[in-house]
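Letters go in sequence order (proteins before strands), and every chain restarts at 1.
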Amino acid sequence: MKHKDRDKRTEIRLAGEGGQGMILAGIILAEAAAIYDGKNAVQTQSYGPEARGGTSKSEVVISEEAIDYPKVISADILVATSQEACDKYTGLMARGGLLIVDKDQVGRVLVHQAVRAPISRLAAEVVGQPITANVVALGVLVGLSGVVSREAIEKAVLARAPRGTEEINRAALAVGFAEAARIAGG
Amino acid sequence: MTARLMQGNEAVGWGALAAGCRFYAGYPITPSTEIAEMLSRELPKLGGKFIQMEDEIASLAACIGASVGGLKALTATSGPGFSLMQEHIGYAAMVEVPCVIVDVQRLGPSTGQPTSPSQGDVMQARWGAHGDHPIIALSPTSVRQAFDLTVQAFNFSEQYRTPVILLLDEVIAHMREKVELPAPDAVRVVDREITRVPSEWYLPYGDALSDVPPMASFGMGYRYHVTGLFHDPAGYPTQRLDEIGPWIERVFRKIERNLADIVLVEEDGTDAANTIVVAYGATARSAQHAVKLARGQRAKVGLVTLLTIWPFAEEVIERVAHMARRIVVPEMNLGQLALEVERIAGRRKVVRVNRANGEMVTPMMILEAIEGK
């Protein structure tokens with residue numbers, strides 16, 4: 001029995017610790033799809049009552065058609081930026097789905113085909129701002145999956161960037177794209 | 001307006017402004033707080049008033065006062081605050097003052113799980129205030145509908161001089177969807193009827209040809225009494241049976257005679273179905289997906305989405321129950337509106353699908369019930 005219309009909806013789950021910016025990353029991804037790529041998108045989230053810490057996840061469903069059920073049924077893409085999030089959600093992915101982990105935060109991955117990207121290290125050392133890790137993650141995600149266009153994600157990131165941080169956010173996204181290209185090139 | 005990615009709570013705020021709301025009093029509580037945040041920013045731009053009160057009891061009291069003063073008033077809360085507001089929901093029903101109360105349902109009872117969704121306040125919305133009183137409660141299934149039903153809630157409250165409850169759940173409230181809101185002049189707005197008689201003739205609860213007496217706002221120069229005691233047509237306390245009985249009958253009649261206007265229901269494929277899913281709020285989104293999958297398996301399944309929760313859609317449920325062998329009622333609670341469906345359709349036909357752990361009812365759970373597993 002088919003559990004969802006796989007051809008029609010793409011489901012992305014971004015999960016980590018509260019404070020890492022995963023919910024904002026989901027919002028930006030959904031805006032890229034809905035506003036700049038002209039598709040339909042729904043973003044939902046779940047998080048604990050804490051301001052920082054605890055698991056936090058953001059879910060995005062993208063479709064050319066109207067979206068009914070707003071949550072992820074079986075993620076086509078999972079970005080995990082904490083060990084706990086990786087452990088919890090890897091088993092809930094669609095078969096053949098794309099798993100991206102921040103290899104500085106996630107030591108143990110239960111499947112072979114995971115993409116291990118040094119997301120937080122790239123943010124800290126190459127971009128120079130650890131806080132941009134969520135934007136680096138978006139660059140890796142979009143660079144590898146093409147789930148939204150590069151133009152759309154760049155516009156969406158810049159539209160959400162606080163004034164004065166446009167360049168650093170643009171740079172973070174570019175670092176993510178470059179990492180995706182490096183991974184894809186093997 | 002161009003397309004935007006918008007949260008349900010934000011859409012409630014825009015809906016309130018479009019409906020003409022110019023007063024908000026509330027006490028912030030997750031998962032409703034974005035409504036207060038948004039209106040604290042936007043109301044002053046339109047000359048409206050925003051007050052953060054000391055608690056939820058005072059919040060609704062302030063709204064009732066503002067409404068008697070002629071403004072359309074809104075408050076928003078979640079379960080714990082909704083419990084505190086019940087006293088004044090009864091008061092608003094008794095004094096027939098229009099106001100809109102948003103309850104964004106979270107997992108309870110008590111503090112429960114503030115960031116998790118629930119549909120646990122369905123019966124509280126109907127019966128939380130003591131005494132016999134009619135109530136209208138609406139429940140949106142999307143961000144766009146959060147806008148539309150907020151406007152509708154104000155329109156009903158103004159038209160029928162009654163408190164109206166907008167029941168959201170955390171999913172609809174926090175979900176971001178692509179929406180395009182209508183231009184302000186494309187929104188149908190209903191304003192309360194204001195009396196035309198001179199002040200010495202005015203009877204705040206008695207001079208109506210319809211069941212809804214016209215109002216006079218405080219400040220217009222009309223002196224009248226507003227009390228939670230049973231009152232006579234002039235508004236003064238009464239113990240006369242021939243005034244108390246007719247009052248109760250009238251306030252119920254003003255809703256019951258207008259069910260065709262008030263009971264908003266969406267039906268999809270119910271005319272040729274042997275299984276019907278009855279859903280509301282975020283759970284209706286799960287139901288839509290389940291029905292689509294079931295139809296892919298050639299199941300004859302229909303979907304009834306209740307936008308108006310109270311008064312309950314008795315006529316629609318009676319009609320579909322007549323044809324259907326099975327009625328599936330999914331809810332994020334342990335069975336609340338299912339009690340109403342069972343009352344109309346009979347318990348044997350109704351299959352409850354319940355989840356009350358802070359997660360949505362999934363399409364698969366509903367699909368299994370449709371297939372009779």
Side-chain angles (χ1 to χ4, degrees), chain A residues 1-9 11-12 18 23-51 54-74 88 92 148 152 155-156 159-160, chain B residues 2-8 29-31 106-107 111-117 141-144 169-180 268 279 281-297 303 305 330 358-368 371 373:
Chain A
M1 168 86 238
K2 214 170 152 189
H3 295 186
K4 63 176 185 184
D5 296 322
R6 195 176 301 284
D7 335 328
K8 292 182 182 157
R9 49 191 276 157
E11 302 181 343
I12 303 115
I23 289 180
L24 180 59
I27 295 169
I28 292 171
L29 186 62
E31 283 178 338
I35 311 300
Y36 303 106
D37 274 348
K39 295 180 181 176
N40 283 307
V42 180
Q43 182 268 341
T44 59
Q45 57 210 347
S46 86
Y47 54 93
E50 314 88 344
T55 45
S56 164
K57 78 168 189 274
S58 186
E59 298 186 344
V60 181
V61 180
I62 299 172
S63 177
E64 298 278 358
E65 298 182 11
I67 296 165
D68 41 38
Y69 185 58
K71 298 271 183 181
V72 164
I73 297 169
S74 53
K88 197 167 170 186
L92 301 175
V148 297
K155 283 180 189 161
R160 280 272 171 185
Chain B
T2 49
R4 283 187 51 192
L5 198 73
M6 187 180 287
Q7 233 179 8
I29 181 170
T30 300
R106 71 190 215 188
L107 193 61
T111 311
Q113 186 73 259
T115 53
S116 296
T141 68
S142 69
V143 172
R144 173 58 203 257
D169 47 69
E170 186 275 342
V171 177
I172 301 297
H174 279 162
M175 178 167 79
R176 289 178 178 82
E177 278 191 298
K178 184 180 179 177
V179 285
E180 219 167 315
D268 171 21
T283 310
R285 304 287 288 261
S286 311
Q288 287 166 12
H289 198 83
V291 165
K292 195 167 69 188
L293 294 177
R295 285 179 183 159
Q297 309 285 312
L303 176 61
T305 304
E359 295 278 338
M360 280 184 80
V361 175
T362 64
M364 277 310 291
M365 291 169 71
I366 301 171
L367 188 63
E368 283 172 8
E371 290 170 344
K373 283 180 188 161

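Annotation: the span from Asp68(A) atom CG to Leu303(B) atom CG amounts to 10.5 Å, rounded to 0.5 Å. Remark: Lys71(A) NZ to Met175(B) CE distance equals 9.5 Å, nearest 0.5 Å.
A pairwise comparison of heavy atoms in Ile67(A) and Arg285(B) identifies O-NH2, 2.8 Å as the closest pair. The two atoms that bring Val171(B) and Pro70(A) nearest to each other are CG1-CG, 4.1 Å, heavy atoms only. Taking both residues in full, the closest heavy atoms of Tyr69(A) and Thr362(B) are given as OH-CG2, 3.8 Å, listed atom of the first, atom of the second, then distance. When all heavy atoms of Ile27(A) and Leu5(B) are compared, the closest pair comes out as O-CD2, 3.8 Å.
Side-chain atoms of Lys39(A) and Lys178(B), non-hydrogen and from C-beta on, never get closer than 4.5 Å to each other. Within the 4.5 Å cutoff, the side chain of Lys8(A) has no heavy atoms near those of the Lys292(B) side chain.
Contact of Val179(B) with chain A is not made at all, since no heavy-atom distance falls under 4.5 Å.
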- [ ] Show your working on side-chain contact (heavy atoms from CB on, under 4.5 Å) between Gln7(B) and Gln43(A) and close with a plain yes or no.
- [x] CA-CA 9 Å; Gln7(B) 233 179 8; Gln43(A) 182 268 341; 5.9 Å; no
- [ ] Dump the intermediate steps for side-chain contact (heavy atoms from CB on, under 4.5 Å) on Met360(B) and Thr44(A), then the final yes or no.
- [x] CA-CA 12 Å; Met360(B) 280 184 80; Thr44(A) 59; over 6 Å; no
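For the options Ala30(A), Ala33(A), Ala34(A), Gly26(A), heavy-atom pairs under 4.5 Å to chain B are most numerous at Ala34(A).
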